[in-house]
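See structure below.
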Amino acid sequence: MLMEADLPEDVEALRALVLEQARELDALKALQAEVERLKAIIEALQRHRFGRRSEQLDPDQLQLALEEVETALAEAVHAHDKASRTPADRPRKTNRGSLPAHLERIEQVVDVEDKACPCCGGALHQIGEDVAERLDVVPTTFRVLVTRRPRYGCRSCESAVVQAPAPARIVEGGIPTEALIAQVLVAKYADHLPLYRQAQIYARQGVELDRSTLADWVGRAAWYLRPLRDHILERLRRSERLFADETTAPVLDPGRGRTKTGQLWAYARDDRPWGGGDPPMVSYVYAADRKGERAEAHLGDFAGILQVDGYGGYAALARRRRQISLAFCWAHVRRKFYEIADTSPVATEVLRRIALLYAIEDEVRGLPAQQRRQVRDERSRVIVDDLHQYLDARNRRVSAKSKLGEAIRYALTRWDGLSRFLDDGRVDLDSNVIERSIRPLALNRKNALFAGSDEGGDNWAVIATLIENCKLSGINPHAWLSETLSKLANGHPSRSRSGESISRKPMARNAHWVSRP
């Protein structure tokens, strides 16, 4: 801040000082305007995230947008602080006291050099200290595990040589430890880093690994892990209620110079909304097409309620297998009316009534199944019945070829399945559980573009199954895969789908979805 004594006496110098101050003030105003603009963008994006459902963006798109805008905001605020030489009005976000206790602490002491009193020269004594913690990182560091196996011989019996057997490995004669293989799997299927990008990351530390080498490791690990995926699928078949969905999986088609469209089928169980005792689980299965027979083969002898979208293959399955009852998804119904709500008062009215159903579901989430059914019978049933009459009346008045007519017919032709939640408190209003389970597959598909073969598609399904179940169980997938692969390499007993005993199944203390021998 300028004092009167600092002002120059010369008129020209004073004029130059005023002009400089004016330019700095203009720059500060511009920076402040930029900060306010970026704040407004962030607030708008947050409204999309936390506002009404109809205003929400895709969560992944939202995160990408927020990352870039918040980065720009931090830069603008910092530039403003430096230009004004005063701290910003906006308090800095802090994260004090929340660093995990299990992290290694490396202490450094920043002390004064002279411990003599600056006033009298006497000795200073410590009266306290300030402690600050900052989060540090050591970049991924490779190390080499050297295994030495001494050989011993007997001077009396020269032919007798004794040596400990070599430790078992997933890749016999190869260089990777099971922890490194687990890192490759997690990076590819949990963090969505294709193998060629991982090879580039490793090369920056001087470790040259070809992409095909990493692919070989993944394939070998998938062979060991496949019985676990099959076991999870078998556990799901014994459930009373499942979610099912499928998504495309582009696969390279050798000889044709292009890709073909395979399918990754997902089957999930989540009884937490009604307090069920079975843990949440999910299993993925690759198939070369989307034929309805695929789901029938995957589900085996499953008998119960299957909650799905409107794909006709599930309806055909239910007709062939009377022990399966379909529950349809209200979110898919809502989506069709939402697409035309701007131009159709009928669609707007349907959305309003569906919103009433979701409001009731928010209240009963987590309650026992019987209590949920009772509340739905008292409050939701009248809404559903009135909506059915409303749609039936409008269906006779609109063109069958119009978007509104298609949306109405989509709902009416599936009404029994849409109404099933009224009579069974275990049934959810929508199939968002399986939609969330599909999302990681879509992210991996976006980054990897396609699988190299049908076998690669099945490997994708196997490893993705185990990683997603780790997430559902709150288990670190890298730690679990490292331990599991080590035990598999050492011949831990397992059982295949046929019941034949094989030596490639792991044991995990914390993974409730792995059976114990």
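Residue indices begin at 1 and follow the sequence shown. In this text, all values refer to a predicted model and were calculated from it rather than measured experimentally.
Under the rule for a side chain to side chain contact (heavy atoms under 4.5 Å, CB included), the partners of N490 that lie at least two apart in sequence or sit in another chain are A168. D424 is linked by a side chain to side chain donor-acceptor pair (under 3.5 Å) to R426, counting only residues two or more places apart in sequence or in another chain. For S419, the side chain to side chain donor-acceptor pair (under 3.5 Å) criterion is met by W415, not counting sequence neighbours.
No side-chain heavy atom of L264 sits under 4.5 Å from any side-chain heavy atom of E246. In this structure the side chain of L242 never reaches within 4.5 angstrom of the side chain of Q307, judged on heavy atoms. The side-chain heavy atoms of H298 and S283, taken from C-beta on, include no pair separated by under 4.5 Å. Side-chain contact between R220 and R169 is absent, with no heavy-atom pair separated by less than 4.5 Å. Residues W217 and L209 are in side-chain contact: their nearest non-hydrogen atoms beyond the backbone lie under 4.5 Å apart. By the 4.5 Å heavy-atom criterion applied to side chains, Y286 and Q263 are not counted as neighbours. For the pair L466/P477, no side-chain contact is recorded, criterion being any heavy-atom separation below 4.5 Å from C-beta on. Taking the side chain as every heavy atom from C-beta outward, I106 and D136 never approach each other to under 4.5 Å.
Judged by distance alone, the side chain of Q198 and the main-chain N or O of L193 form a donor-acceptor pair under 3.5 Å. Judged by distance alone, the side chain of R420 and the main-chain N or O of V427 form no donor-acceptor pair under 3.5 Å. A donor-acceptor contact shorter than 3.5 Å links the side chain of H192 to the backbone of A190. Between the side chain of R229 and the backbone N or O of I463, no donor-acceptor pair lies under 3.5 Å. W330 contributes a side-chain N or O that, together with a main-chain N or O of L418, makes up a donor-acceptor pair within less than 3.5 Å.
When all heavy atoms of R376 and G425 are compared, the closest pair comes out as NH1-CA, 3.7 Å. Considering every non-hydrogen atom in both D245 and E435, the closest pair reads OD2-OE2, 3.5 Å. Smallest separation of non-hydrogen atoms from A244 and L306: CB-CD1, 3.8 Å. Across every non-hydrogen atom of V282 and A268, the tightest pair is CG2-CB, 4.0 Å. Across all their heavy atoms, A287 and R294 have their closest contact at CB-CD, 3.7 Å. The two residues A249 and W460 make their nearest non-hydrogen contact at CB-CZ3, 4.1 Å.
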Notebook entry, point to check: Given R211 and D216, is the salt bridge (Lys or Arg N to Asp or Glu O under 4.0 Å) satisfied, shown in steps?
Noted result: CA-CA 9 Å; R211 178 199 53 76; D216 178 71; over 6 Å; no
Next item on the list: Test R204 against I201 for side-chain contact (heavy atoms from CB on, under 4.5 Å), laying out the working first.
Entry: CA-CA 5 Å; R204 288 201 293 267; I201 293 171; 3.6 Å; yes
Item checked: Working for side-chain contact (heavy atoms from CB on, under 4.5 Å), residues I324 and L326 -> CA-CA 7 Å; I324 294 179; L326 296 184; 4.3 Å; yes
Notebook entry, point to check: Hey, mind stepping through V218 and I181 against side-chain contact (heavy atoms from CB on, under 4.5 Å) and telling me if it holds?
Noted result: CA-CA 7 Å; V218 171; I181 297 174; over 6 Å; no
Notebook entry, point to check: side-chain contact (heavy atoms from CB on, under 4.5 Å) between V462 and L228: does it pass, once the steps are laid out?
Noted result: CA-CA 8 Å; V462 166; L228 267 178; over 6 Å; no
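Judged by a 6.0 Å distance limit and a 45° cone about the ring axis, R290 is positioned over the six-membered ring of Y311. R335 forms no cation-pi arrangement with Y338, by the criterion of a distance under 6.0 Å to the ring centre and an angle within 45° of the ring axis. In this structure, R414 forms a cation-pi arrangement with Y410, its terminal cationic atom sitting closer than 6.0 Å to the ring centre and no more than 45° off the ring axis.
The pair D430-R334 does not meet the salt-bridge criterion, since no charged nitrogen lies less than 4.0 angstrom from a carboxylate oxygen. Between R241 and D271 there is a salt bridge, since a side-chain N of the basic residue sits under 4.0 Å from a carboxylate O of the acidic one. We find that D423 and R373 are not joined by a salt bridge, their nearest charged nitrogen and carboxylate oxygen being 4.0 Å or further apart. Here D362 pairs with R365 in a salt bridge; the nearest charged N to carboxylate O distance falls below 4.0 Å.
In this structure, the separation between OG1 on T141 and CZ on R143 is 10.0 Å, given to the nearest 0.5 Å. Atom CG of N469 sits about 8.0 Å away from atom OH of Y284, to the nearest 0.5 Å. L472 CG to R436 CZ: the interatomic distance, rounded to the nearest 0.5 Å, is 9.5 Å. With rounding to the nearest 0.5 Å, the separation of CG in D278 from CZ in R238 is 10.0 Å. To the nearest 0.5 angstrom, D309 atom CG is 7.5 Å from C329 atom SG. Rounded to the nearest 0.5 Å, atoms OG (S437) and CE (M281) are 12.0 Å apart.
If you look at Y267 and F302, their ring centroids are not closer than 6.0 Å.
Within 6.0 Å of the CZ atom in R149, the count of heavy atoms belonging to other residues, nucleotides or ligands exceeds 12. Annotation: E240, atom CD; neighbour count of heavy atoms from other residues, nucleotides and ligands within 6.0 Å does not exceed 12. Residue-environment remark: CZ (F142) exceeds the threshold of 12 foreign heavy atoms within 6.0 Å.
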